Amino acid sequence: MRQRFGLGYDSHVFVDSRRFVLAGVEIDHPKGLKGHSDGDAVAHALIDALLGAAAMGDIGGLFPDSDARWKDADSMRLLQDVRRRVVAAGYAIVNVDVTVVLEHPKLAPYLGAMRESLGRALGLPVSAVSVKAKTNEKMDSVGRGKGIQVFAVASLGGA
Ligand code: MG
């Protein structure tokens, strides 16, 4: 089986009066992530990792933020749509790995639910879904709590 890898990255800033949703899981926090969609940066980074592994473009090409259809969109549905596209192209998703960089809040209590949510969306067992969180050691804008960064890697087999 030929193996392929893709890298995804996303960043969003925190704003008042929005739900904070990562990997489809609502996180208890006074701020949420700004974005045309629901701002789910984990879903967005994973979408780019999957599309990158399949060399099928990127999230901005598939779901342009100029398109009203994606306003406040549930990004986990976009992730499921990308899974269908990747599978339709003949690939199988092997595993995914995500690192979220943020200063607050602590994500440890949510990581299990995030892995399960991503596993459901991607048709993967939890053992094939990794989500890690770390701070930026108070450095730069992410370290000052302005927003978050997410890095994601996806591995595909087949085709
Ligand atoms: Mg995004």
Side-chain angles (χ1 to χ4, degrees), residues 4-87 89 91 93 95-107 110-111 113-124 129-136 139-156:
R4 302 173 65 113
F5 299 93
L7 170 69
Y9 169 79
D10 197 26
S11 59
H12 281 254
V13 298
F14 280 120
V15 290
D16 292 325
S17 317
R18 275 212 105 184
R19 296 163 64 225
F20 183 23
V21 179
L22 288 179
V25 175
E26 184 155 353
I27 290 156
D28 186 23
H29 195 53
K31 293 170 184 245
L33 297 175
K34 187 178 176 186
H36 183 68
S37 67
D38 59 7
D40 189 333
V42 168
H44 297 176
L46 266 175
I47 285 170
D48 267 357
L50 290 166
L51 291 173
M56 288 170 59
D58 65 23
I59 188 170
L62 277 188
F63 311 111
D65 63 9
S66 55
D67 190 327
R69 269 183 303 169
W70 317 124
K71 175 109 175 66
D72 297 322
D74 177 351
S75 296
M76 292 300 282
R77 298 190 66 143
L78 307 185
L79 179 61
Q80 287 173 298
D81 181 78
V82 166
R83 171 201 175 192
R84 279 191 289 275
R85 289 168 189 260
V86 166
V87 169
Y91 299 108
I93 304 170
N95 74 301
V96 297
D97 181 27
V98 175
T99 295
V100 183
V101 187
L102 84 174
E103 223 53 37
H104 302 289
K106 290 287 176 214
L107 292 187
Y110 301 96
L111 294 179
M114 290 168 67
R115 291 173 68 199
E116 285 172 16
S117 173
L118 292 174
R120 281 194 298 276
L122 296 174
L124 290 174
V129 179
S130 163
V131 182
K132 314 183 294 304
K134 62 194 294 137
T135 73
N136 209 38
M139 286 186 291
D140 305 327
S141 49
V142 170
R144 290 195 299 276
K146 295 271 189 200
I148 78 169
Q149 293 176 303
V150 181
F151 301 86
V153 172
S155 155
L156 302 181

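Just follow the structure's listing: the first ligand is 1, and inside any ligand the first atom is 1. Note that this is a predicted model, so its numbers are computed, not measured.
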Verdict with supporting geometry, R85 and D81, salt bridge (charged side-chain N to carboxylate O under 4.0 Å, His left out):
CA-CA 6 Å; R85 289 168 189 260; D81 181 78; 2.7 Å; yes
With the Mg ion (ligand 1) as the point of reference, which N/O/S atom of D10 is the closest?
OD2
Please find the N/O/S atom of H44 nearest to the Mg ion (ligand 1) and write down its name.
ND1
Could you tell me whether any N, O or S atom belonging to D40 is less than 2.8 Å from the Mg ion (ligand 1)?
no
How close do D38 and S75 get, heavy atom to heavy atom, and via which atoms?
OD1-OG, 2.5 Å
H44 ring center within less than 6.0 Å of Y9 ring center
no
Just by distance, no angles: are the side chains of D97 and S130 close enough, under 3.5 Å, to form a donor-acceptor pair?
yes
